[in-house]
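Below is one structure, written out as C-alpha coordinates; comments come after it.
Both ligands and their constituent atoms are indexed starting at 1 by order of listing. One-based numbering along the sequence shown.
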Amino acid sequence: MDTADDEAARQRLVASLRERLDVSERTLAAIAAVPRHAFVPDRYRSRAYDDRPLPIGHEQTISAPHMVAVITDLLDLDSGDAVFEVGTGCGYHAAVVAEIVGPGNVYSVERVPALAEAARDRLDRLGYDVTVRAGDGRDAFAARPAFDAAYLTCAPADGVPDRIVDRVRTGGRIVAPVGREGAQRLVRLTVGEAGLNREDHGGVRFVPMR
Ligand code: SAH
(Lines give C-alpha, C1' and ligand atoms only; values in the text may rest on other atoms or scores of the structure.)
Protein backbone atom coordinates (compact mmCIF):
# COMPACT_ATOMS: atom_id res chain seq x y z
CA MET A 1 0.00 0.00 0.00
CA ASP A 2 1.18 3.52 -0.84
CA THR A 3 -0.12 5.77 1.96
CA ALA A 4 -0.23 9.58 2.05
CA ASP A 5 2.75 9.42 4.46
CA ASP A 6 4.76 7.34 1.97
CA GLU A 7 3.95 9.79 -0.80
CA ALA A 8 4.94 12.77 1.37
CA ALA A 9 8.21 11.10 2.45
CA ARG A 10 9.02 10.28 -1.16
CA GLN A 11 8.38 13.89 -2.24
CA ARG A 12 10.71 15.13 0.52
CA LEU A 13 13.39 12.69 -0.65
CA VAL A 14 13.06 13.88 -4.25
CA ALA A 15 13.22 17.55 -3.18
CA SER A 16 16.43 16.85 -1.27
CA LEU A 17 17.97 14.96 -4.21
CA ARG A 18 17.05 17.86 -6.51
CA GLU A 19 18.95 20.25 -4.23
CA ARG A 20 22.03 18.09 -3.80
CA LEU A 21 22.51 16.42 -7.20
CA ASP A 22 22.96 17.55 -10.76
CA VAL A 23 20.45 15.13 -12.28
CA SER A 24 17.62 15.59 -14.77
CA GLU A 25 13.95 16.06 -13.91
CA ARG A 26 13.29 12.84 -15.82
CA THR A 27 15.48 10.92 -13.40
CA LEU A 28 13.85 12.63 -10.40
CA ALA A 29 10.38 11.84 -11.76
CA ALA A 30 11.34 8.17 -11.97
CA ILE A 31 12.50 8.19 -8.32
CA ALA A 32 9.24 9.97 -7.40
CA ALA A 33 7.21 7.25 -9.12
CA VAL A 34 8.68 4.15 -7.46
CA PRO A 35 7.39 3.06 -4.01
CA ARG A 36 10.77 2.32 -2.36
CA HIS A 37 8.99 1.14 0.80
CA ALA A 38 7.72 -1.86 -1.19
CA PHE A 39 11.34 -2.94 -1.83
CA VAL A 40 12.70 -2.88 1.74
CA PRO A 41 12.12 -5.49 4.48
CA ASP A 42 9.18 -4.65 6.78
CA ARG A 43 11.38 -3.76 9.72
CA TYR A 44 12.96 -0.91 7.70
CA ARG A 45 9.70 0.45 6.34
CA SER A 46 9.88 3.65 8.44
CA ARG A 47 13.32 4.37 6.94
CA ALA A 48 12.43 3.52 3.35
CA TYR A 49 12.75 7.14 2.21
CA ASP A 50 15.99 7.91 4.01
CA ASP A 51 18.80 8.50 1.53
CA ARG A 52 20.85 5.51 2.63
CA PRO A 53 21.37 1.87 1.73
CA LEU A 54 19.42 -0.67 3.82
CA PRO A 55 19.96 -4.42 4.36
CA ILE A 56 17.84 -6.76 2.20
CA GLY A 57 19.26 -10.08 3.46
CA HIS A 58 21.91 -12.40 2.00
CA GLU A 59 24.50 -9.77 3.05
CA GLN A 60 23.23 -7.45 0.31
CA THR A 61 21.66 -3.98 0.37
CA ILE A 62 19.22 -1.80 -1.49
CA SER A 63 21.26 1.08 -2.92
CA ALA A 64 20.90 4.60 -1.53
CA PRO A 65 18.48 6.71 -3.60
CA HIS A 66 21.17 9.26 -4.54
CA MET A 67 23.32 6.47 -6.03
CA VAL A 68 20.34 5.14 -7.98
CA ALA A 69 19.66 8.68 -9.23
CA VAL A 70 23.29 9.36 -10.24
CA ILE A 71 23.76 6.04 -12.07
CA THR A 72 20.41 6.30 -13.82
CA ASP A 73 21.17 9.85 -14.93
CA LEU A 74 24.64 8.97 -16.26
CA LEU A 75 23.09 6.24 -18.43
CA ASP A 76 21.40 8.99 -20.45
CA LEU A 77 18.33 6.87 -21.17
CA ASP A 78 15.44 7.37 -23.54
CA SER A 79 12.09 5.68 -23.68
CA GLY A 80 12.52 2.39 -25.58
CA ASP A 81 16.20 1.85 -24.72
CA ALA A 82 17.09 -1.75 -23.83
CA VAL A 83 19.03 -1.79 -20.55
CA PHE A 84 21.09 -4.50 -18.86
CA GLU A 85 21.39 -4.46 -15.05
CA VAL A 86 23.93 -6.61 -13.20
CA GLY A 87 22.84 -7.08 -9.56
CA THR A 88 19.04 -6.99 -9.26
CA GLY A 89 19.06 -7.16 -5.46
CA CYS A 90 15.51 -6.25 -4.41
CA GLY A 91 14.66 -4.81 -7.84
CA TYR A 92 14.37 -1.13 -6.84
CA HIS A 93 16.87 0.31 -9.30
CA ALA A 94 15.41 -1.82 -12.11
CA ALA A 95 11.98 -0.31 -11.37
CA VAL A 96 13.40 3.24 -11.50
CA VAL A 97 15.01 2.53 -14.88
CA ALA A 98 11.81 0.86 -16.13
CA GLU A 99 9.92 4.10 -15.35
CA ILE A 100 12.13 5.78 -18.00
CA VAL A 101 12.62 3.13 -20.68
CA GLY A 102 9.17 1.53 -20.39
CA PRO A 103 7.84 -2.02 -20.09
CA GLY A 104 9.84 -4.96 -21.39
CA ASN A 105 13.09 -3.03 -21.79
CA VAL A 106 15.00 -3.84 -18.58
CA TYR A 107 16.95 -7.12 -18.32
CA SER A 108 18.44 -7.83 -14.93
CA VAL A 109 20.58 -10.61 -13.52
CA GLU A 110 21.13 -11.51 -9.85
CA ARG A 111 23.67 -13.99 -8.49
CA VAL A 112 21.66 -14.98 -5.38
CA PRO A 113 18.72 -17.11 -6.61
CA ALA A 114 16.45 -16.28 -3.64
CA LEU A 115 16.90 -12.54 -4.25
CA ALA A 116 16.26 -12.97 -7.98
CA GLU A 117 13.05 -14.85 -7.29
CA ALA A 118 11.81 -12.36 -4.68
CA ALA A 119 12.63 -9.41 -6.96
CA ARG A 120 10.85 -11.02 -9.90
CA ASP A 121 7.67 -11.54 -7.82
CA ARG A 122 7.84 -8.05 -6.31
CA LEU A 123 8.34 -6.29 -9.66
CA ASP A 124 5.53 -8.31 -11.17
CA ARG A 125 3.18 -7.51 -8.28
CA LEU A 126 3.98 -3.79 -8.61
CA GLY A 127 3.29 -3.88 -12.35
CA TYR A 128 6.87 -3.59 -13.66
CA ASP A 129 7.62 -5.64 -16.76
CA VAL A 130 11.30 -6.39 -16.05
CA THR A 131 13.06 -9.63 -17.04
CA VAL A 132 14.93 -11.03 -14.03
CA ARG A 133 17.28 -13.97 -14.32
CA ALA A 134 19.30 -15.76 -11.62
CA GLY A 135 22.95 -16.14 -12.59
CA ASP A 136 26.27 -14.43 -13.15
CA GLY A 137 26.28 -11.06 -14.90
CA ARG A 138 29.19 -12.22 -17.05
CA ASP A 139 27.00 -14.79 -18.81
CA ALA A 140 23.48 -13.40 -18.75
CA PHE A 141 21.43 -12.50 -21.82
CA ALA A 142 24.33 -13.33 -24.16
CA ALA A 143 21.89 -14.34 -26.92
CA ARG A 144 20.08 -10.99 -26.92
CA PRO A 145 20.84 -8.17 -29.37
CA ALA A 146 23.29 -5.63 -27.95
CA PHE A 147 21.90 -3.32 -25.25
CA ASP A 148 21.72 0.47 -25.45
CA ALA A 149 23.06 0.74 -21.91
CA ALA A 150 24.26 -1.37 -18.99
CA TYR A 151 24.99 -0.73 -15.32
CA LEU A 152 26.40 -2.69 -12.42
CA THR A 153 25.21 -2.36 -8.82
CA CYS A 154 28.11 -4.50 -7.56
CA ALA A 155 31.75 -3.54 -7.99
CA PRO A 156 34.17 -5.63 -10.07
CA ALA A 157 37.64 -5.21 -8.56
CA ASP A 158 39.49 -5.12 -11.88
CA GLY A 159 37.20 -3.05 -14.09
CA VAL A 160 34.03 -3.94 -15.98
CA PRO A 161 34.43 -7.49 -17.38
CA ASP A 162 34.85 -7.61 -21.19
CA ARG A 163 31.95 -9.99 -21.45
CA ILE A 164 29.65 -7.29 -20.05
CA VAL A 165 31.15 -4.48 -22.14
CA ASP A 166 30.61 -6.65 -25.24
CA ARG A 167 26.87 -6.78 -24.50
CA VAL A 168 26.52 -3.02 -25.26
CA ARG A 169 26.21 -1.54 -28.75
CA THR A 170 28.52 1.08 -30.23
CA GLY A 171 27.40 4.43 -28.85
CA GLY A 172 25.99 2.76 -25.74
CA ARG A 173 26.83 3.64 -22.14
CA ILE A 174 28.02 1.54 -19.20
CA VAL A 175 28.02 2.85 -15.63
CA ALA A 176 29.68 0.88 -12.86
CA PRO A 177 31.48 1.11 -9.53
CA VAL A 178 34.94 -0.38 -10.08
CA GLY A 179 37.85 -1.19 -7.80
CA ARG A 180 38.61 -2.92 -4.53
CA GLU A 181 36.60 -2.32 -1.36
CA GLY A 182 37.56 1.03 0.12
CA ALA A 183 38.90 2.35 -3.21
CA GLN A 184 35.98 2.14 -5.62
CA ARG A 185 35.28 4.76 -8.29
CA LEU A 186 32.08 5.27 -10.24
CA VAL A 187 32.93 5.22 -13.96
CA ARG A 188 31.00 5.80 -17.14
CA LEU A 189 32.25 4.04 -20.25
CA THR A 190 31.01 5.07 -23.67
CA VAL A 191 31.46 2.45 -26.37
CA GLY A 192 33.07 4.08 -29.42
CA GLU A 193 34.12 2.69 -32.83
CA ALA A 194 37.73 3.06 -31.75
CA GLY A 195 37.35 1.80 -28.18
CA LEU A 196 36.06 2.87 -24.80
CA ASN A 197 35.89 6.41 -23.49
CA ARG A 198 36.19 6.42 -19.68
CA GLU A 199 34.95 9.16 -17.35
CA ASP A 200 35.49 9.14 -13.58
CA HIS A 201 32.54 10.20 -11.40
CA GLY A 202 34.08 10.01 -7.95
CA GLY A 203 34.50 7.66 -5.02
CA VAL A 204 31.67 5.26 -4.11
CA ARG A 205 30.90 2.23 -1.89
CA PHE A 206 29.20 -0.85 -3.33
CA VAL A 207 29.14 -4.56 -2.54
CA PRO A 208 31.85 -6.43 -4.46
CA MET A 209 30.97 -8.31 -7.64
CA ARG A 210 31.38 -12.04 -7.02
N1 SAH B 1 20.08 -3.00 -7.73
C2 SAH B 1 19.88 -3.13 -6.29
C3 SAH B 1 21.17 -3.18 -5.51
C4 SAH B 1 21.68 -4.58 -5.42
S5 SAH B 1 23.15 -4.80 -4.44
C6 SAH B 1 18.95 -2.03 -5.81
O7 SAH B 1 18.05 -1.69 -6.53
O8 SAH B 1 19.09 -1.54 -4.71
C9 SAH B 1 24.16 -5.66 -5.63
C10 SAH B 1 23.72 -7.04 -6.02
O11 SAH B 1 24.68 -7.57 -6.93
C12 SAH B 1 23.63 -8.05 -4.87
O13 SAH B 1 22.32 -8.51 -4.74
C14 SAH B 1 24.59 -9.17 -5.29
O15 SAH B 1 24.13 -10.46 -4.97
C16 SAH B 1 24.67 -8.97 -6.80
N17 SAH B 1 25.85 -9.55 -7.47
C18 SAH B 1 27.12 -9.64 -7.01
N19 SAH B 1 27.91 -10.24 -7.92
C20 SAH B 1 27.13 -10.56 -9.00
C21 SAH B 1 27.37 -11.21 -10.25
N22 SAH B 1 28.56 -11.66 -10.59
N23 SAH B 1 26.32 -11.34 -11.11
C24 SAH B 1 25.08 -10.91 -10.77
N25 SAH B 1 24.80 -10.28 -9.60
C26 SAH B 1 25.81 -10.11 -8.71
Side-chain angles (χ1 to χ4, degrees), residues 10 13 17 27 30-41 44-45 47-75 77 83-101 106-126 128 130-142 144 147 149-167 174-181 184 186 204-210:
R10 198 157 59 240
L13 169 65
L17 296 176
T27 294
I31 301 272
V34 179
R36 190 171 187 256
H37 63 272
F39 292 84
V40 304
Y44 296 114
R45 196 184 197 291
R47 282 139 81 185
Y49 294 101
D50 290 358
D51 188 17
R52 48 168 294 184
L54 293 166
I56 58 169
H58 303 269
E59 295 168 33
Q60 305 303 330
T61 54
I62 178 172
S63 301
H66 72 274
M67 274 320 331
V68 172
V70 166
I71 292 177
T72 302
D73 208 71
L74 286 172
L75 288 169
L77 300 170
V83 184
F84 179 27
E85 175 185 62
V86 178
T88 320
C90 61
Y92 174 69
H93 199 159
V96 171
V97 169
E99 287 284 347
I100 297 174
V101 299
V106 181
Y107 295 79
S108 185
V109 58
E110 168 56 50
R111 188 184 60 89
V112 179
L115 288 177
E117 198 173 318
R120 187 186 296 123
D121 289 351
R122 180 180 297 113
L123 287 163
D124 189 47
R125 182 159 38 80
L126 294 169
Y128 289 103
V130 169
T131 305
V132 178
R133 197 160 288 171
D136 182 348
R138 296 168 187 84
D139 307 322
F141 305 114
R144 267 197 48 81
F147 291 98
Y151 64 101
L152 281 64
T153 68
C154 48
D158 302 316
V160 181
D162 288 345
R163 279 189 281 164
I164 293 176
V165 174
D166 291 345
R167 308 288 325 111
I174 302 161
V175 178
V178 299
R180 307 203 169 275
E181 271 186 289
Q184 297 169 357
L186 188 68
V204 289
R205 256 182 113 127
F206 279 80
V207 299
M209 184 176 193
R210 304 285 179 200

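- Ligand-side atoms of ligand 1 in range of Met209: 19 (N), 22 (N), range being under 4.0 angstrom from any heavy atom.
- For ligand 1, the atoms closer than 4.0 angstrom to any heavy atom of Ile62 are 8 (O).
- Considering CG of Leu123 and OG1 of Thr88, their distance stands at 8.5 Å, rounded to 0.5 Å.
- Close approach of ligand 1 to Leu115 is summarised as follows: ligand atoms under 4.0 Å from at least one heavy atom of the residue are 13 (O).
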Item to check | side-chain contact (heavy atoms from CB on, under 4.5 Å) evaluation trace for Arg36 with Asp50 | outcome: CA-CA 10 Å; Arg36 190 171 187 256; Asp50 290 358; 5.6 Å; no
Item to check | Trace of the side-chain contact (heavy atoms from CB on, under 4.5 Å) decision for Tyr128 with Arg122 | outcome: CA-CA 9 Å; Tyr128 289 103; Arg122 180 180 297 113; over 6 Å; no
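- Shortest contact from atom 2 (C) of ligand 1 to any protein heavy atom: Thr88 O, 3.4 Å.
- From the protein, the heavy atom lying nearest to atom 13 (O) of ligand 1 is Glu110 OE1, 2.8 Å.
- Of the protein's heavy atoms, Gly87 O, 2.9 Å lies nearest to atom 1 (N) of ligand 1.
- Close approach to Glu85 involves these atoms of ligand 1, each under 4.0 Å from a residue heavy atom: 1 (N).
- Counting only heavy atoms of the protein, atom 5 (S) of ligand 1 lies nearest to Thr61 O, 3.3 Å.
- Of the possible donor and acceptor atoms, one in the side chain of Arg10 sits under 3.5 Å from a partner among the backbone N and O of Ala32.
- Comparing Glu59, His58, Gln60 by heavy-atom distance to atom 12 (C) of ligand 1, the nearest is Gln60.
- Under the 4.5 Å side-chain criterion, counting only non-hydrogen atoms from C-beta, Leu74 is in contact with Leu186.
- Geometrically, Arg167 does not engage Phe141 in a cation-pi contact defined by less than 6.0 Å to the ring centre and at most 45° from the axis.
- Of the heavy atoms in Ile56, none comes closer than 4.0 Å to ligand 1.
- Counting heavy atoms under 4.0 Å from ligand 1, residue Val207 touches it through the side chain alone.
- Counting the atoms of ligand 1 from 1 in the order shown, those under 4.0 Å from a heavy atom of Arg138 are 22 (N).
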Checklist entry - Going through the checks in order, is the side-chain contact (heavy atoms from CB on, under 4.5 Å) test met by Leu126 and Phe39? => result CA-CA 10 Å; Leu126 294 169; Phe39 292 84; 3.5 Å; yes
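- In summary, the atoms of ligand 1 found under 4.0 Å from a heavy atom of Gly89, numbered by their order in the structure, are 4 (C), 13 (O).
- Closest protein heavy atom to atom 7 (O) of ligand 1: His93 N, 2.8 Å.
- In this structure, the protein non-hydrogen atom closest to atom 17 (N) of ligand 1 is Cys154 SG, 3.7 Å.
- Taking distance alone, with nitrogen or oxygen atoms compared against 3.5 Å, Gly137 approaches ligand 1 more closely than that limit.
- Considering Arg111, Arg36, Arg210 only, the shortest heavy-atom separation from atom 22 (N) of ligand 1 involves Arg210.
- Side-chain atoms of Val97 and Tyr151, non-hydrogen and from C-beta on, do get closer than 4.5 Å to each other.
- Residue Pro208 has no nitrogen or oxygen atom sitting less than 3.5 Å from a nitrogen or oxygen atom of ligand 1, judged on distance alone.
- Side-chain atoms of Thr153 come within 3.5 Å of backbone atoms of Gly87 as a donor-acceptor pair (strictly under, hydrogens ignored).
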Next on the checklist: If you apply the rule side-chain contact (heavy atoms from CB on, under 4.5 Å), what do you find for Arg210 with Cys154, and how did you get there?
Outcome noted: CA-CA 8 Å; Arg210 304 285 179 200; Cys154 48; over 6 Å; no
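- Of the possible donor and acceptor atoms, one in the side chain of Arg120 sits under 3.5 Å from a partner among the backbone N and O of Val132.
- In this structure, Met209 and Pro161 have side chains that are in contact, with non-hydrogen atoms separated by less than 4.5 Å.
- Formation of a donor-acceptor pair under 3.5 Å by the Gln184 side chain with backbone atoms of Phe206 is found in this model.
- Protein heavy atom in closest approach to atom 8 (O) of ligand 1: Ser63 N, 2.8 Å.
- Interface of Val112 with ligand 1, defined as ligand atoms under 4.0 Å from a residue heavy atom, comprises 15 (O).
- Taking a cut-off of under 4.0 Å to the non-hydrogen atoms of Gly135, the atoms of ligand 1 that pass are 23 (N), 24 (C).
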